[in-house]
Amino acid sequence: MGKYSRNTKKRKSKKGLLIFLTVMFILLAGAVGAAVWVLTNYHIVSGKLYDKDIQVLDLRSEDVEPGYVEKLSEKLPDCEIRWNIPFQGGVLADDVTEITVTSLSRQDVEQLDYARQLKTVHAEGCSDYEALELLRQRRPELEVFYSVAFSGGSYSWDVDTLLLNTVVQEDILLLKHLPNLKKVVIAEGSYDYQSVEALRDSVHNAGLEFGLMFRGEIYPDSEET
């Protein structure tokens, strides 16, 4: 009787193990099948699923970083992705064509790379000249409007002739921000001799023309005079 009981327990144990293994196999097969189906139809980016056939993906209601959008673009090259670009503590629409800034940093310039439909930047009140020059170099197709503030007034960055009514040392340092400059002219008036000479030397060293205006006429200057 004891031997029969032990055999019965063994058979039940084997049967239970077989049922357990069968169930586990079914579950594993189902999981593998589900995983294959998901990978076939979806891309996984940062734990989120995106349909491979999606044509338009609207993320404007979400806070997303440029790096995340770049990953999505790589996975979904034929999908139009709409999103808001982080910029100066706020956001820009991805289809913005014109903006106004009063300050600009290198990081801001880099963020504007993502505003691919941008055409015009108004920066007339911005004095971050290095960043503005970087923006022009980085995005030569843009119209960037700004002026350089000298002691006697502001001049457009693309001016070729600079007419100064006053001269201070700070003005000399600003000449480098006028890339199209060809001539600097000093109008009639009272000036500090040292500042004028420093300006004159700087202009000549840069290969530019230097002139003096007297009674409405411009008289060219040279290093020899």
Side-chain angles (χ1 to χ4, degrees), residues 59-60 62-70 73 81-187 189 191-192 194-211:
L59 301 177
R60 287 175 290 184
E62 303 178 30
D63 293 328
V64 294
E65 292 298 321
Y68 184 75
V69 177
E70 287 181 342
S73 298
I81 301 175
R82 302 300 312 276
W83 64 300
N84 290 321
I85 304 166
F87 184 72
Q88 294 189 338
V91 295
L92 292 176
D94 60 350
D95 59 352
V96 67
T97 60
E98 187 171 345
I99 64 170
T100 298
V101 297
T102 56
S103 64
L104 200 67
S105 67
R106 173 177 285 272
Q107 182 180 1
D108 294 334
V109 173
E110 293 173 353
Q111 291 295 92
L112 289 178
D113 283 349
Y114 299 101
R116 296 186 174 93
Q117 298 187 45
L118 185 63
K119 292 181 172 58
T120 306
V121 176
H122 292 283
E124 287 84 352
C126 180
S127 59
D128 298 314
Y129 305 126
E130 286 83 2
L132 289 166
E133 290 164 14
L134 176 61
L135 177 61
R136 287 193 300 101
Q137 294 166 9
R138 198 176 181 101
R139 299 286 299 276
E141 79 281 7
L142 295 181
E143 286 190 294
V144 184
F145 297 105
Y146 69 96
S147 298
V148 179
F150 286 79
S151 60
S154 294
Y155 299 83
S156 176
W157 70 270
D158 59 352
V159 67
D160 60 3
T161 299
L162 183 64
L163 177 60
L164 296 176
N165 296 303
T166 62
V167 178
V168 296
Q169 291 291 327
E170 288 76 10
D171 292 334
I172 300 172
L173 300 176
L174 294 175
L175 294 177
K176 64 182 180 181
H177 300 304
L178 302 176
N180 296 339
L181 188 63
K182 297 178 180 177
K183 180 186 295 185
V184 177
V185 178
I186 296 181
Y191 300 95
D192 173 66
Q194 290 184 338
S195 295
V196 172
E197 283 301 297
L199 174 65
R200 177 178 179 271
D201 291 343
S202 179
V203 169
H204 284 309
N205 290 336
L208 307 176
E209 297 180 43
F210 186 76

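Worth knowing before you read on, the calculation uses all heavy atoms, side chains too, and leaves out hydrogens, waters and symmetry mates.
Separation of atoms CG (Asp158) and OG (Ser147) is listed at 9.0 Å; rounding is to 0.5 Å. Within the model, atoms CD of Glu65 and CD of Gln111 stand 7.5 Å from one another, a figure rounded to the nearest 0.5 Å. The distance from atom OG of Ser151 to atom CG of Leu164, rounded to the nearest 0.5 Å, is 7.0 Å. With values rounded to the nearest 0.5 angstrom, His204 atom NE2 is found 4.5 Å from Arg200 atom CZ. One finds the NZ atom of Lys183 at 11.5 Å from the CG atom of Leu208 (value rounded to the nearest 0.5 Å). Considering CD1 of Ile81 and CG of Leu59, their distance stands at 7.0 Å, rounded to 0.5 Å.
The shortest distance between side-chain heavy atoms of Arg106 and Glu130 does not fall below 4.5 Å. Using a 4.5 Å heavy-atom cutoff, the side chains of Val203 and Leu181 are not in contact. A 4.5 Å side-chain heavy-atom check between Thr161 and Leu163 finds every atom pair outside the cut-off. Leu199 is listed as a side-chain neighbour of Ile186, based on a closest heavy-atom distance under 4.5 Å. Side chains of Phe150 and Leu178 form a contact here, defined as non-hydrogen atoms less than 4.5 Å apart. Taking 4.5 Å as the limit, some side-chain heavy atom of Pro66 sits within range of a side-chain heavy atom of Trp83. Contact annotation: the side chain of Tyr129 never approaches that of Lys176 to less than 4.5 Å [non-hydrogen atoms, C-beta and beyond].
Judged as a side chain to side chain donor-acceptor pair (under 3.5 Å), and not counting sequence neighbours, Thr102 has no contacts. Under the ring pair (Phe, Tyr, Trp, His ring centres under 6.0 Å) criterion, Phe87 pairs with no residue, sequence neighbours left out. Remark: Asp94 pairs with Arg82 by the salt bridge (charged side-chain N to carboxylate O under 4.0 Å, His left out) rule, at least two apart or across chains.
The two atoms that bring Ser195 and Ile172 nearest to each other are O-CD1, 4.0 Å, heavy atoms only. Of all heavy-atom pairs between Pro179 and Arg136, the closest is CG-NH2, 3.5 Å. The two residues Ala131 and Leu104 have their closest heavy-atom pair at CB-O, 3.4 Å. What you find for Cys126 and Ser103 is that their closest heavy atoms are SG-CA, 3.7 Å. Contact detail for Val96 and Leu92: the closest heavy-atom pair is CG1-CB, 4.4 Å. Nearest heavy-atom pair across Asn84 and Ala93 is OD1-CA, 4.1 Å.
Counted within 6.0 Å of CG on Asn180, heavy atoms from surrounding residues, nucleotides or ligands total more than 12; the atom is thus considered enclosed. Atom CD of Gln107 is surrounded by 12 or fewer heavy atoms from other residues, nucleotides or ligands within 6.0 Å.
By the 30° and 60° cut-offs, the orientation of the rings of Trp157 relative to Tyr146 is parallel. The aromatic rings of His122 and Phe145 lie parallel to each other, their planes meeting at an angle below 30°, with 60° marking the opposite boundary.
A side-chain N or O of Ser105 and one of Asp108 form a donor-acceptor pair less than 3.5 Å apart.
Of the possible polar contacts, none joining the Ser202 side chain to the Ala198 backbone as a donor-acceptor pair under 3.5 Å is found. A side-chain donor-acceptor contact under 3.5 Å links Arg139 to the backbone of Leu112.
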Show the numbers, then the answer: is there a side-chain contact (heavy atoms from CB on, under 4.5 Å) between Leu175 and Leu162? CA-CA 9 Å; Leu175 294 177; Leu162 183 64; 3.6 Å; yes
